[in-house]
Protein chains: 2
Amino acid sequence: MSTIKDVAKLAGVSVATVSRVVNRSPRTSEKAIKAVTEAMEALSYRPNANARALVSQTTQTMGVLVGDVSNPFFGAMLKSIDLVCRDQGKHLLIGNGYHEADSEREAIEILINSRCESLVIHSKGLSDQDLTKFCKEVPGLVVINRQLDEVPERCISLDNYKGSYLATEYLLNQGHRDIAYICSEHDIEDADSRKQGYRDALAAHGVSPQEHAIACGYPDEQGGEKAMRDLLSRGVSVTAVAAYNDYMAAGAMACLEESDIAVPEQVSVIGFDDGLISRYMKPRLTTIRYPIQPMAEQAARLALQLAQGSSPESSPHVFVPTLVKRNSVKPLTH
Amino acid sequence: MSTIKDVAKLAGVSVATVSRVVNRSPRTSEKAIKAVTEAMEALSYRPNANARALVSQTTQTMGVLVGDVSNPFFGAMLKSIDLVCRDQGKHLLIGNGYHEADSEREAIEILINSRCESLVIHSKGLSDQDLTKFCKEVPGLVVINRQLDEVPERCISLDNYKGSYLATEYLLNQGHRDIAYICSEHDIEDADSRKQGYRDALAAHGVSPQEHAIACGYPDEQGGEKAMRDLLSRGVSVTAVAAYNDYMAAGAMACLEESDIAVPEQVSVIGFDDGLISRYMKPRLTTIRYPIQPMAEQAARLALQLAQGSSPESSPHVFVPTLVKRNSVKPLTH
DNA sequence: ACATGCTGTGTAAACGTTTACTTTTGTGCC
DNA sequence: GGCACAAAAGTAAACGTTTACACAGCATGT
């Protein structure tokens, strides 16, 4: 692969002149531009981004850590971030953490080593302490989907508690009283918050707590199916089910269908996330919208601002989920 | 951010020794390892990947161009690639092309400039000529989902023609004769191949061509809905519909449902891709499996082998799609 | 004719590493 | 104690750029 020296030699100028042409410096003659352009073309010259980064001390790159690129949730997040970046002439280096502490740490280190000046991190595996440390080390680092008490100004998160409260309250308002909750077996903050939102909503409406009506599973379709089957086989009688996320809701619906229980006629189901699939299920899933796109956009902007040292515009750091009414919930009729 | 010199100074050794410790060279004393490790910790030293790449002439990075990260199809592709890479200690630089020639070109150039030694490119916008040129410039570049006549050994693709033929043939075998085709309005090779597969399957079964039963739209749900509405409003009478992809099939089903036409009882529908949503639709979608995961894995392996100059193991370059029978197709009964 | 200023170009240092080569230190043996 | 040799550490060049600084050429104004 040819270098700037090769180009300079062929064009009969110095490397400085080539650099000036490449970077469109105003101090260059037409003649030089022509000679250099032709030489670059002839050698199919590609400026080495690493050398450039080294001397100019900037990579124009944002690093992003996601859980798993194949999950459409992260796809949506990445797209929002990419749109902000492309608008600002930055590009993206992406790492997958697979929700596992060591992978996450390693991926973040790669991003830092690559000298990404801004970072958006989605981590479920690392401790608050680890993440806080990274925040302090890298000025342009923003954490999404998590709340760190020591550095709240670096976090963009969702009010998970409120989302679940909202979902449960909606079921209550539709007359339901026997409401099960299908939760994630992962020991992470958002799972707890969502479960607590459910509990508190029940309590606030004078419905006694129903711990036996809570079942856990891996937060995917199989997990939802398993949890619902647990509930059914334990003889828990319910008229509505709230789930940790849409996938678990889908699994629960599949299980109910297999058991010849009609949704929403006999049992109402509500999800969480408003992901891609919620629109394609039938009945279309009533759910809680996780506004990942504006959140990701906000996170990207914040990371960019922090990285360039400008004081970030004040804007919301905790987003609120909203109810999306579709067809999987029906009022309870006697 | 501290450099290797800072570490050397603090540890009281030379930069070479620090480098040796960082790279786990065997020629280092316990004492040096300890001193350097402590200094690195104290300064939170991060080896600069750009400087490293510059001198060692390798980045350990694979570049990937996808259409749009938010599309689960590309998510699945990226995941397969990431799994291969992580296994080989490489990491990923990702660009979005948004199916637009200029964006694709720009993204590829960024990947090349960043000195990714291996590349997996999914392009719909660039011409065969452009792509072939890139292939010749970068030894470790592999094109996925496209067939370039000049460099077939660099391409991993799907037999789209066969997939569509298969789909149409299955409908014919179920007794259908009046079969519409919903195609993509994009002027790209795979759209043409799929349309032709449909036509040829009809012809092979002695069914006269039905050009009036072909409708086009943007290859998403809205496009499918629009195309189906076109068909219906033109008074085309059909008992089955084959679609360019699952999203268009979903749109067609939504349109049929609105018109009180039952799927599959009155009209059968078959998709293409076997994407995420096909499992969640109801009736669950009968479709053609696009084996993107093995294909992406293969592409990644090939790119890696080409990049390191080893002669690639011979393995399939053209993959064959298969039929996935679910519930959206029913035999025609009179 | 000469100082002045402007434009375009060249020279060389710097960025943070790795590594070939050289030098120093340490060990065991006679 | 002196020597041979191995092990460990240091020196400096190289990777491919950018850019401060210096300088040449030339037009301008006096």
Side-chain angles (χ1 to χ4, degrees), chain A residues 1-40 43-61 89 109-117 138, chain B residues 1-40 43-61 89 109-117 138:
Chain A
M1 184 151 284
S2 54
T3 74
I4 200 172
K5 285 180 195 163
D6 303 321
V7 176
K9 196 172 293 174
L10 183 60
V13 299
S14 71
V15 293
T17 300
V18 176
S19 178
R20 287 190 194 101
V21 172
V22 170
N23 297 298
R24 298 192 157 57
S25 150
R27 299 241 160 294
T28 36
S29 66
E30 284 302 324
K31 202 174 125 222
I33 293 176
K34 184 161 176 293
V36 170
T37 309
E38 283 173 8
M40 290 199 300
L43 298 171
S44 52
Y45 169 66
R46 304 284 182 190
N48 185 320
N50 296 301
R52 214 190 261 236
L54 189 56
V55 56
S56 63
Q57 299 282 56
T58 162
T59 56
Q60 307 283 38
T61 300
E109 283 173 351
I110 288 173
L111 300 176
I112 297 179
N113 290 355
S114 301
R115 294 301 187 268
C116 295
E117 29 259 342
V138 183
Chain B
M1 184 151 286
S2 55
T3 73
I4 199 172
K5 286 181 194 163
D6 302 322
V7 177
K9 195 172 292 172
L10 183 61
V13 298
S14 71
V15 294
T17 301
V18 177
S19 177
R20 288 190 194 99
V21 172
V22 170
N23 298 298
R24 298 190 157 57
S25 151
R27 301 240 158 290
T28 37
S29 66
E30 284 303 325
K31 202 176 123 219
I33 293 176
K34 184 161 177 294
V36 170
T37 310
E38 284 173 9
M40 290 198 301
L43 297 171
S44 52
Y45 168 67
R46 304 285 183 189
N48 185 320
N50 297 301
R52 215 191 260 237
L54 189 57
V55 55
S56 63
Q57 300 282 57
T58 163
T59 56
Q60 307 284 37
T61 300
E109 283 173 351
I110 288 172
L111 299 176
I112 297 179
N113 291 353
S114 301
R115 295 299 185 269
C116 296
E117 30 258 343
V138 183

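We name chains A, B, ... by the order of the sequence lines, and we start the count at 1 in each one.
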Engineer: May I ask you to say what A:Asn50 touches in the nucleic acid, namely base, sugar-phosphate or nothing, with a heavy-atom cut-off under 4.0 Å?
Structural biologist: nothing
Engineer: Counting C-beta onward and ignoring hydrogens, is there a side-chain heavy-atom pair between B:Arg52 and B:Asn23 closer than 4.5 Å?
Structural biologist: yes
Engineer: Let me know the distance between CZ of B:Arg46 and P of C:dT17, rounded to the nearest Å.
Structural biologist: 12 Å
Engineer: Check A:Ala11 against A:Ala35 and note the closest heavy-atom contact, atom names and distance.
Structural biologist: CB-O, 3.8 Å
Engineer: Starting from P on C:dC15, measure out to CE on B:Met1 and report it in whole angstrom.
Structural biologist: 16 Å
Engineer: With a 4.5 Å cut-off on side-chain heavy atoms, are A:Tyr45 and A:Ile4 touching?
Structural biologist: yes
Engineer: Whole Å only: how far is the CG atom of B:Asn113 from the P atom of D:dC15?
Structural biologist: 19 Å
Engineer: Does B:Arg52 make a side-chain N or O approach to OP1 or OP2 of C:dG16 shorter than 4.0 Å?
Structural biologist: no
Engineer: Does A:Gln57 have a side-chain nitrogen or oxygen under 4.0 Å from the phosphate oxygens OP1 or OP2 of C:dG16?
Structural biologist: yes
Engineer: Show the nearest heavy-atom pair for residues B:Val22 and B:Pro47, with the distance to one decimal.
Structural biologist: CG1-CG, 4.3 Å
Engineer: Do B:Asn50 and A:Thr59 have side chains that approach each other closer than 4.5 Å (heavy atoms only, starting at C-beta)?
Structural biologist: yes
Engineer: Write down the atom of A:Arg115, the atom of B:Arg46, and the distance for their closest heavy-atom approach.
Structural biologist: NH2-O, 2.7 Å
Engineer: Within the structure provided, determine whether A:Thr17 and A:Arg20 are in side-chain contact (heavy-atom separation under 4.5 Å).
Structural biologist: yes
Engineer: Check this one for me: any side-chain N or O of B:Asn48 less than 4.0 Å away from OP1 or OP2 of C:dC15?
Structural biologist: no
Engineer: Looking only at the side chain of A:Thr3 (C-beta and beyond, no hydrogens), which of the listed nucleotides D:dT17, C:dG16, D:dT18 gets closest?
Structural biologist: D:dT17
Engineer: Output one line per pair: protein atom, nucleotide atom from nucleotides 6-12 of chain D, and distance, for all N/O pairs under 3.5 Å.
Structural biologist:
unit_1	atom_1	unit_2	atom_2	d
D:dA9	OP1	B:Ser29	OG	2.6
D:dA9	OP2	B:Ser29	N	3.2
D:dA9	OP2	B:Ser29	OG	3.3
D:dG10	OP2	B:Ser14	N	2.5
D:dG10	OP2	B:Ser14	OG	2.9
D:dG10	OP2	B:Thr17	OG1	2.9
D:dG10	N7	B:Arg20	NH2	3.4
D:dG10	O6	B:Arg20	NH2	2.5

Engineer: Taking atom types as modelled and ignoring hydrogens, do the side chains of A:Glu117 and A:Thr58 form a donor-acceptor contact shorter than 3.5 angstrom?
Structural biologist: yes
Engineer: State which of D:dT18, D:dC15, C:dC15 makes the closest approach to the side chain of B:Val55.
Structural biologist: D:dC15
Engineer: Take atom CG of B:Asn23 and atom P of C:dT19, then tell me their distance rounded to the nearest Å.
Structural biologist: 7 Å
Engineer: Please give the angle, rounded to 10 degrees, between the axes at the start and the end of the helix from C:dA1-D:dT30 to C:dC30-D:dG1, where five pairs define each axis.
Structural biologist: 50°
Engineer: Counting C-beta onward and ignoring hydrogens, is there a side-chain heavy-atom pair between B:Val13 and B:Val36 closer than 4.5 Å?
Structural biologist: yes
Engineer: Expressed as a whole number of angstroms, how long is the span from A:Met40:CE to D:dT17:C1'?
Structural biologist: 14 Å
Engineer: Rounded off to whole Å, could you give me the CZ-to-P distance for the A:Arg115 and D:dT17 pair?
Structural biologist: 20 Å
